[in-house]
Amino acid sequence: MTQNKKTFLIKGIHCASCVTVLEDSLSKVNGVIKANVNLATEKATVIYDSEKATNQHFINAVSSVGYKALIDDKKDGKIDEELEKQKELRDLKIKVSVSLFLGGLILWGSFPLLMDTSPKILQNFLVQLILATPVQFWVGFGFYRATLLALKHRTANMDTLVTIGTTVAYGYSAFIALFPDITKVAGIEVMPYFDVATIIIGLILLGRYFEAKAKAGTSEAIKKLIGMQAKTARIIKDGKEQDIPIDMVKIGDLIRVRPGDKIPVDGVIVEGESSIDESMVTGESMPVDKFSSASVIGATVNKTGSFIFRATKIGKETMLAQIIKLVQEAQGSKAPIQRLADLVSSYFVPVVLMLAIVTFVVWYVFGNPPVVTFALLNMIAVLIIACPCAMGLATPTAIMVGTGKGAEYGILIKDAESLETAHKINTVIFDKTGTLTNGQPEITDVIAVNEKDQDKLLMLAGSIEKGSEHSLAQVIVKFAESKKLSLLKTEKFQAILGHGVEGVINGQRIIFGNKRLMDKEKIDIGNFGDKILKMESNGKTVMMLAVDGNFFGFIAVADIIKESAKEGTVALQKMGIEVVMITGDNQRTANAIGKSLGIKRILAEILPDQKEMEVRKIQASGKVVAMVGDGINDAPALAVADIGIAMGSGTDVAIEAADITLINKDLKSVAMAIVLSKKTIRTIKQNLFWAFGYNAILIPVAMGVLYPLFHISLNPIFASVAMATSSVSVVLNSLLLKKKKIKLN
Amino acid sequence: MVLDKIVVTILGISGISFIYWFFIKKNDQQINILDSVDIIVEGGYSPNVISIAKGKTTKLNFIRKDPNTCLEEIVLGDFKIRKYLPLNQKVTIEITPQKSGEFKYSCGMSMFSGKIIVRQNTN
């Protein structure tokens, strides 16, 4: 038997009798051990044997008595985590209050000068012992348990240091309180330090309390993404509309979306049109107009119209689920910069324990009287001030905030290593077609030698291109068909690689292609040369047609540059990053596009399989290269670049070859991703510098290195204040990253 | 009172040597895993060093019994996994390593760690 527990929402509960009815019905399900329904939260909790009972059984049991169960498995784990966190924070709060209150009383009764104002009873050592004992063993129980469990594994951690430090202070003080006479005979000052033990425990737990609260903020982005998921979908079945839980939606279901509704899953519109706000998923700020056959993304919000769409992706396949998975993976990965911190962490506690012993011995052997007191206090200060947590938190908290922040802007970073490498990028190569341009060329000019032959030119071009697989061929065929021209059959069709096509139509030999093809076939283009040259200089691709060796006319096609292309490339150049454009187009067309975008380095006439080589060449000159492409045609180039950036298309975001995927299709995001990486790395470096520096400076101070010269030594209570603030400050510094806006100059 | 100082020094040196031997020189036993393993999270990980086969999906079932919050997260950085471990619940992580070698896993702050050794053969 596999016992499991599940909590789910029930719609429609309104009275106490509903609770009984529901509990009865759920209890009758085979495999259910216990069912509990809460009226206030409208939730049912079932303890069941998961080998016998399933979600569907619960749904049926609930619906059989007239209610609706909304079961969302993905949230179960989250609920546990939230509840545990809340309980942990509550416990910490109580323990901190108790220890600081009792510690405060002891401090009042024992601190020089302050003790004169305290009631006599607080100055009694035995009373102090009674006040300190619950703090040491009840509040501090967690430290003891953790220490003992770790010792079983021959490991030591933060708890070990606190346990040893406070136990030494408490034990020493208890001995003095219980046997003052023996202490006096041994020549040891009769002065207990119960305040040290209790206040240290209180402050360290206070630090943990704040740390836990702050840490919850670092994973906010992922919680937000998970919370974005719609809960129900309005499906149309047998002509009727009904709301069903999201996990019951099947591929192919027809779903109605009304104005203001959240789109439940990914799909394609089959009826109606609307304006959709996709900002929450893609980061795209403007609402997008969608019509029939356009794809819609789950979790985005319908603004104005009403429409029906067919579900194409559900569950783990939806764009939102893929985004969540990518962000979670990135947050689970480790940045290379963390390696040193990890190495130090693994030896840190044993080394601190050794240093604490060294401190005790040196103070005992060389110190001034009372040697035992000094030696003990300094040893405790060393144990307490050491803070391995700050080192452990420095990198992951910043990575979590950084990757989460990226997702907010539609920048999905594959892993921590990519986020780290991105800040070193000094060259960005953009693929032209489909990246800088829309990738859907449009026909701009149709010019025939005889003006009246325009339609014939289009008809012949469309007919011969029908058999071609070239991307421009499709455009011409579609354009000809849209003009209602009937296309003819082509015989002896042949594609001439890098030149164009040839074939026979109605017994006439037709060739259609670039200037090189015309030159090869020795076709005179008459006085159209200048015009063609001018068009190519404006970034248009010109294809010429000849019939039986005579020039017939030409068609110019242009790929429209994306709106954000100019801003995106200029922003990179302002950051001192070289921008390169790579394309299969001829040099003139490429130059024209490059010029309009302010790109100086252009790699033209590069065949798709040569792109990877070009990236390698630039890398060989010592550059750190990012390649931006669509992730499909240029996958090898993306993979070989230091950072491959793919512009997401449709609802597929998990592009294998890409280190970074931009789902907002905005080219400014390339620069933003680099800015984000720079900011995150800066935060990590600050955190590591602080965490290492803190320990490297304050541990020697706690050991007493300043004492011989300046007579400065560290009170263990101050050591605990420093320790508690150091790990909190690292987490807070990472959270600052969340507040920073990613701006381009 | 020179004698006490000598005694304290000797005890100190012995203490340092003990710490070095106990914490730093420890040798963890490697356990060979075929399909799945229950890893108890309590003051560390047991078993701590596991050996699994390359290219084969292995289930790592983490069961956290220790309420210490230091151990609440498990991180398998090389496999891009960071998971919250609810107390006393089995959390199964499936991995299919594609590279052989040694991979560290740890708690969220890298204070507690274990090792996954990915071996070439499937035996």
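Chain A is the first sequence line, chain B the second, and so forth, proteins listed ahead of strands; every chain is numbered from 1. All heavy atoms count here, side chains included; hydrogens, waters and symmetry mates do not.
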Shortest non-hydrogen pair, B:Pro67 vs A:Arg145, comes out as CG-NH2, 2.9 Å
Can you give me the closest heavy-atom contact between A:Pro396 and B:Gly108, atom names plus distance?
CG-O, 4.1 Å
Segment of [X] engaging chain B (4.5 angstrom heavy-atom cut-off):
X: A:Leu148; answer: neither
X: A:Glu329; answer: both
X: A:Met400; answer: side chain
X: A:Val349; answer: side chain
X: A:Glu417; answer: neither

So [Y] and [X], do their side chains get closer than 4.5 Å, heavy atoms only?
X: B:Asn68; Y: A:Asp159; result: yes
X: B:Met109; Y: A:Ser727; result: no
X: B:Lys26; Y: A:Thr155; result: yes
X: B:Ser106; Y: A:Asp342; result: no
X: A:Cys389; Y: B:Met111; result: no
X: A:Val361; Y: B:Ile13; result: no
X: A:Met354; Y: B:Ile24; result: yes

Chain A heavy atoms under 4.5 Å from [X]: which part of the residue, side chain, backbone, both or neither?
X: B:Ile6; answer: neither
X: B:Val75; answer: side chain
X: B:Thr9; answer: both
X: B:Ser46; answer: both
X: B:Lys104; answer: side chain
X: B:Cys107; answer: neither
X: B:Phe112; answer: side chain

Rounded to the nearest 0.5 Å, what's the gap from [atom1] on [X] to [atom2] on [Y]? Could you check?
X: B:Ile19; Y: A:Leu353; atom1: CD1; atom2: CG; answer: 4.5 Å
X: B:Ile81; Y: A:Gln328; atom1: CD1; atom2: CD; answer: 10.5 Å
X: B:Arg82; Y: A:Lys334; atom1: CZ; atom2: NZ; answer: 8.0 Å
X: B:Ser110; Y: A:Gln338; atom1: OG; atom2: CD; answer: 5.0 Å
X: A:Asp91; Y: B:Thr69; atom1: CG; atom2: OG1; answer: 11.0 Å
X: A:Asn157; Y: B:Leu71; atom1: CG; atom2: CG; answer: 7.5 Å

Would you check if the side chain of [X] reaches a backbone N or O of [Y] as a donor-acceptor pair within less than 3.5 Å?
X: A:Arg154; Y: B:Phe23; value: no
X: A:His153; Y: B:Asn48; value: no
X: B:Lys80; Y: A:Ser333; value: no

I need the contact set between residues 213-220 of chain A and chain B: heavy-atom distance under 4.5 Å, sorted by residue number.
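Listed by number, the contacting residues are A:Lys215.
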Please rank A:Ala375, A:Pro350, A:Ser345 by heavy-atom pairs under 4.5 Å with chain B and give me the top one.
A:Pro350
Suppose we screen for ring-ring contact (aromatic ring centres under 6.0 Å, His included). Which residues come up paired with A:Tyr209, at least two apart in sequence or across chains?
none
Can a salt bridge be assigned to the pair B:Glu72 and A:Lys85 using a cut-off of 4.0 Å between side-chain N and carboxylate O?
yes
Taking everything shown except A:Phe210 itself, do over 12 heavy atoms lie less than 6.0 Å from its CZ?
no
Carefully, step by step, assess A:Phe360 and B:Leu11 under the rule side chain to side chain contact (heavy atoms under 4.5 Å, CB included).
CA-CA 11 Å; A:Phe360 184 88; B:Leu11 285 176; over 6 Å; no
